[in-house]
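Predicted model only: the values in this text are computed from it and were never measured. Quick note: numbers below take in every heavy atom, side chains included, and nothing from hydrogens, waters or symmetry partners.
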Amino acid sequence: MNSKTVRLGSPRRGLRGVVLGVAVVAALLTTTACQGDDQAAPPPTAAPSGSASAGGSTSSAVPSGSASAGGSTPETAAPTGDSGTGSSTPTPTATGSGDSGETGGGNGTQYADCEADGLTTAVELQDERGQTPRHFLLTVTNKAKTPCVLNDAPQVRLKAGNDAPIVQTLGEPDSEPVVVEGGGKAYAGLYVFGNDEGGEAEYDQSDRFTATLVAGEGTELSGTLIFDLPDGLDTVSVDDAARVNGWAGTEGLAMRPITQL
């Protein structure tokens, strides 16, 4: 009988196969892990650009002047002097006058106080012919082309000399200065006599009126205004009842309170 002999593989060859199999499995596992790491890694850092993506993500690039629509970061603008507008409209700077809108005289306007030698004068009697002269309209005209300012009321004297008493104002003088335009006029009302004439009484007489002006701060200005009496009057009777009202920009404002006396 024929016999058949079966030869078993070498143990060393079987062990080599096992080792190769393990190596293949390890290689596959390593490849799979690398692929997983690649998928989990964040996208590469973007190059610097002028704006971020619309999805709201912010690039790690150096900040620029524009941000994304999803989360804008305002640009730091240079100071403009006008908050919230971005425009650089300059703020007006007042001129150095020591007091905004005022002159050195402090009259509250941009114009200088009127001076006596810059004004001409006139006097008009307001009483009817035949009546005792009591009410007068004093008028001054600015000879210059530029405006000037009259303050309070004129300091009127009915007698000659600076020692003569000053006529009292009728009520409180207007605190608002009167601006006299170049070539323009201003007015004051004057009441000179309050007693009834009659008997043997003797009254003081005056042949002219004088006045000094007041500066914006209330001091008396140098220079004297002379108001000669109207034609037909050599002298008028005067007494302590005399009062002055003015300055005013119109005849009516100057005379209306005076005519009530």
Side-chain angles (χ1 to χ4, degrees), residues 92-124 126 135-192 206-229 236 238-259 261:
T93 302
T95 56
S97 62
D99 192 354
S100 177
E102 293 190 0
T103 65
N107 60 33
T109 77
Q110 60 182 310
Y111 305 114
D113 292 331
C114 297
E115 298 181 0
D117 59 2
L119 303 172
T120 60
T121 63
V123 181
E124 183 180 348
Q126 300 296 294
H135 307 87
F136 294 89
L137 176 67
L138 309 183
T139 303
V140 294
T141 302
N142 182 6
K143 296 188 296 184
K145 294 181 179 179
T146 56
C148 67
V149 175
L150 293 172
N151 305 284
D152 298 336
Q155 296 187 343
V156 176
R157 292 175 172 88
L158 303 179
K159 299 178 182 178
N162 291 333
D163 293 336
I166 296 175
V167 175
Q168 295 183 30
T169 57
L170 183 62
E172 290 295 326
D174 192 348
S175 60
E176 291 295 326
V178 175
V179 177
V180 187
E181 299 293 338
K185 300 178 184 297
Y187 308 92
L190 179 63
Y191 179 76
V192 299
S206 176
D207 61 357
R208 65 177 57 184
F209 312 135
T210 64
T212 53
L213 303 177
V214 178
E217 69 274 11
T219 59
E220 186 175 347
L221 292 172
S222 61
T224 301
L225 296 171
I226 298 176
F227 295 88
D228 292 322
L229 295 179
V236 293
V238 296
D239 63 13
D240 293 340
R243 295 293 184 271
V244 63
N245 180 62
W247 298 99
T250 66
E251 297 180 10
L253 289 176
M255 287 304 304
R256 192 172 297 120
I258 290 294
T259 56
L261 299 177

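By the 30° and 60° cut-offs, the orientation of the rings of Y191 relative to H135 is tilted.
Looking at every heavy atom in both residues, S206 comes nearest to L229 through O-CD1, 3.6 Å. Of all heavy-atom pairs between G223 and A116, the closest is C-CB, 3.8 Å. Scanning all heavy atoms of the two residues, the minimum distance from A215 to L221 falls at CB-CD2, 3.5 Å. Pairing each heavy atom of I226 with each of T121, the nearest pair is O-OG1, 2.6 Å.
Annotation: the span from M255 atom CE to L138 atom CG amounts to 8.5 Å, rounded to 0.5 Å. Between the OG1 atom in T210 and the CG atom in D228 there is a gap of 11.0 Å [rounded to 0.5 Å]. If you take CD on E176 and OG1 on T109, they are separated by 10.5 Å, rounding to the nearest 0.5 Å. Within the model, atoms OG1 of T224 and CD of Q155 stand 10.5 Å from one another, a figure rounded to the nearest 0.5 Å.
Side-chain N or O atoms of N245 include one that pairs as donor or acceptor with a backbone N or O of A254 at under 3.5 Å.
Between F227 and V156 there is no side-chain heavy-atom pair separated by less than 4.5 Å. Using a 4.5 Å heavy-atom threshold, the side chains of V140 and V180 count as separate. Here the side chains of I166 and T212 are not in contact, with every heavy-atom distance at 4.5 Å or above. Counting heavy atoms from C-beta outward, N142 and C114 have side chains that stay 4.5 Å or more apart. No side-chain heavy atom of T259 sits under 4.5 Å from any side-chain heavy atom of Q126. Contact of the W247 side chain with the L213 side chain is registered, since non-hydrogen atoms from C-beta on lie closer than 4.5 Å.
Every residue meeting the side-chain contact (heavy atoms from CB on, under 4.5 Å) condition with A164, not counting sequence neighbours, appears here in chain and number order: R157, K159. The side-chain contact (heavy atoms from CB on, under 4.5 Å) search around D239 returns F193, N195, A241, not counting sequence neighbours. Not a single ring pair (Phe, Tyr, Trp, His ring centres under 6.0 Å) links Y187 to another residue, sequence neighbours left out.
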May I have the step-by-step check of side chain to side chain contact (heavy atoms under 4.5 Å, CB included) for R243 and L261, ending in yes or no?
-> CA-CA 9 Å; R243 295 293 184 271; L261 299 177; 4.2 Å; yes
Would you please test T219 and V214 for side chain to side chain contact (heavy atoms under 4.5 Å, CB included) and show each step?
-> CA-CA 6 Å; T219 59; V214 178; over 6 Å; no
L158 and V192: side chain to side chain contact (heavy atoms under 4.5 Å, CB included), yes or no, with the steps?
-> CA-CA 8 Å; L158 303 179; V192 299; 4.1 Å; yes
In sequence, state the C-alpha distance, the side-chain angles, and the governing distance for L119 and L150, and then conclude on side chain to side chain contact (heavy atoms under 4.5 Å, CB included).
-> CA-CA 11 Å; L119 303 172; L150 293 172; 4.3 Å; yes
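D240 CG: 12 or fewer foreign heavy atoms inside a 6.0 Å radius. The environment of E115 atom CD is sparse: at most 12 non-hydrogen atoms of other residues, nucleotides or ligands sit within 6.0 angstrom.
Between the side chains of N107 and D113, at least one donor N or O lies within less than 3.5 Å of an accepting N or O.
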